[in-house]
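Take a look at the structure below.
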Amino acid sequence: MLSIQEHGTVEEASSNLLDFILIPDNWLEQAPPQPEGSSTWPASDTQYQRRVGPLRICASVDVAPSLDVTLHIAFRAPGLTPLKAADHLESFLKQRLPLTPNSEWQVEVDERRWIHFSRRYAGTHLLA
C-alpha cells in the first residue's frame with residue numbers, strides 16, 4: 001500500500017502538490033459522470049494527495065473531453081465544514097494562485113465527506 005506524503009503545514013503541502021499538478025504532463029483526463037453514490041474522485045493515485053495532520057488534501061487539473069480545463073481541490077478531515085475548508089483553500093492557494101474577489105468556485109460535499117472546490121483553470125478551450 002502506498003502512503004500519502006505528510007507535511008507540517010497546508011502551505012508546505014500546497015507548494016509540493018501544486019508544483020506537481022500544474023505540470024501539463026500530470027493533468028488528468030476527466031472521468032465520465034458516475035452513477036449516483038459512486039465517485040472516482042479524489043484521484044486514487046497518492047501522487048495527487050497530501051496530509052497535514054488529520055487533514056487530507058487532494059488536487060488535480062482535469063481535462064474534459066470538450067478540452068475544458070478545471071482545477072479541482074478537495075479537503076477531508078474529521079468535523080471539517082465547508083467554511084473551514086474554504087479557509088484551507090485560501091491557505092493552499094495563497095503562494096501560487098491567490099484567491100481574488102469575485103472568483104467563482106463550485107463547492108460540493110460528497111458522500112465520503114470530501115469537500116470539493118473546482119473552477120475553470122484555463123480561460124478558453126484548449127486547441128488540439
R119, CZ atom: more than 12 neighbouring heavy atoms under 6.0 Å: yes
Heavy atoms from other residues, nucleotides or ligands near CD of Q106 exceed 12 (cutoff 6.0 Å): no
Test log, rule side chain to side chain contact (heavy atoms under 4.5 Å, CB included), inputs V69 and W27: CA-CA 9 Å; V69 181; W27 292 6; 3.8 Å; yes
Reference residue I21; test side-chain contact (heavy atoms from CB on, under 4.5 Å); the match among V61, N16, I73, D62: V61
Which heavy atom of [X] sits nearest to which heavy atom of [Y], and what is that distance?
| X | Y | result |
| --- | --- | --- |
| S60 | L28 | CB-CD1, 3.7 Å |
| H116 | A74 | ND1-CB, 3.7 Å |
| P82 | I115 | N-CD1, 3.6 Å |
| F117 | A86 | CZ-N, 3.6 Å |
| V52 | G8 | CG1-O, 3.8 Å |
| R76 | R113 | CG-O, 3.7 Å |

Listed partners of Q47 passing side chain to side chain contact (heavy atoms under 4.5 Å, CB included), at least two apart: F20, D45
Quick one: pull up [atom1] in [X] and [atom2] in [Y] and give me the separation to the nearest 0.5 Å.
| X | Y | atom1 | atom2 | answer |
| --- | --- | --- | --- | --- |
| R50 | C58 | CZ | SG | 9.5 Å |
| S118 | R120 | OG | CZ | 11.5 Å |
| E11 | R96 | CD | CZ | 14.5 Å |

L22 vs Y121 side-chain heavy atoms within contact, under 4.5 Å: yes
Student check: side-chain heavy atoms of E29 and V63 closer than 4.5 Å: no
Ring pair (Phe, Tyr, Trp, His ring centres under 6.0 Å) pairs, two or more places apart, involving residues 79-101: F75-H88
Side-chain (Y48) to main-chain (N26) donor-acceptor, under 3.5 angstrom: yes
Check: R56/Q49 side-chain N/O donor and acceptor closer than 3.5 Å: yes
